[in-house]
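Worth knowing before you read on, the calculation uses all heavy atoms, side chains too, and leaves out hydrogens, waters and symmetry mates.
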Amino acid sequence: MQALQTSVIKGNADEWVVRGVRQGEVADGALELMNRERDWTVSQLGLEDLEYLASLPSELHLEHEGVSIHAFHATPDSLFDIVAPGSGDEVLQTKLMSAAEADLYVYAHIHKPYIRYLEGRIVINIGSVGLPFDGLPRASYGLIEIADGSLSTRIERVAFDIEQVVSEYEEARYPNAEMMTRIVRKASVKV
């Protein structure tokens with residue numbers, strides 16, 4: 001990402017790599033394993049990489065051709081709060097839209113892509129390129145096009161070589177390769 005020299009926001013996994021997973025952020029039964037994953041990840045990175053992750057902003061405020069965009073990982077106030085696709089309008093307004101006025105709100109934390117239109121504004125969850133959780137084992141990303149006063153949003157789904165990903169987990173001796181394999185193959189955290 002650093003080589004792309006583009007704007008990037010911090011996600012919960014980035015935060016965990018920097019400081020570890022804390023009690024209450026994941027199920028108690030997963031805490032030890034997730035910190036082993038974190039330690040493995042840290043062992044693969046250099047100091048410059050860790051400093052980069054630590055320096056990432058938690059949100060971006062962008063403006064393009066008169067369209068304002070507020071982007072964040074989970075909510076403007078948290079890297080960990082969950083706002084599900086089926087949440088009511090009031091939940092979206094309170095948790096996603098109240099911190100800043102924007103035309104478009106972009107987030108990803110739940111790994112379940114969707115687009116909602118609410119009182120003349122748009123909420124888009126872009127999903128996940130490498131770890132979708134919506135049962136469709138395809139990479140997901142959001143595409144936003146702004147031109148000549150028009151705004152278009154859509155979710156793209158792209159096939160990827162799942163077995164190559166599984167092989168890479170195994171070759172790298174990733175501490176949680178078995179569980180990650182199930183998640184990648186099913187595109188779901190439900191086992």
Run Leu53 and Leu45 through side chain to side chain contact (heavy atoms under 4.5 Å, CB included) and show every step you take. CA-CA 11 Å; Leu53 292 176; Leu45 300 174; 4.1 Å; yes
Heavy-atom check, side chain of Ile69 versus side chain of Ile146, under 4.5 Å: yes
Look at the side chain of Ser78 and the backbone N and O of Thr75, then say whether any donor-acceptor pair between them is shorter than 3.5 Å. no
Looking only at heavy atoms, which two atoms of Met1 and Thr6 are closest? And how far apart? CE-CG2, 4.3 Å
If you link I, L, V, M, F, W and Y whenever their side-chain heavy atoms are under 4.5 Å apart, who else ends up in the same group as Tyr141? Val129, Val158
Do Phe160 and Val165 touch side chain to side chain, with heavy atoms closer than 4.5 Å? yes
Ignoring hydrogens, what is the shortest heavy-atom contact between His70 and Ala99? Give both atom names and the distance. CE1-CB, 4.3 Å
Would Tyr107 and His109 count as a close aromatic pair, with their ring centres under 6.0 Å? no
Linking Ile, Leu, Val, Met, Phe, Trp and Tyr by side-chain heavy atoms under 4.5 Å, what else ends up with Leu143? none
Could you check if a side-chain atom of Asn176 sits within less than 4.5 angstrom of a side-chain atom of Trp40, using non-hydrogen atoms only? no
Main-chain N/O of Asp103 paired to Ser68 side chain as donor or acceptor, under 3.5 Å: yes
Per side chain to side chain contact (heavy atoms under 4.5 Å, CB included), Ile122 is matched among Val106, Val67, Ile115 by Ile115
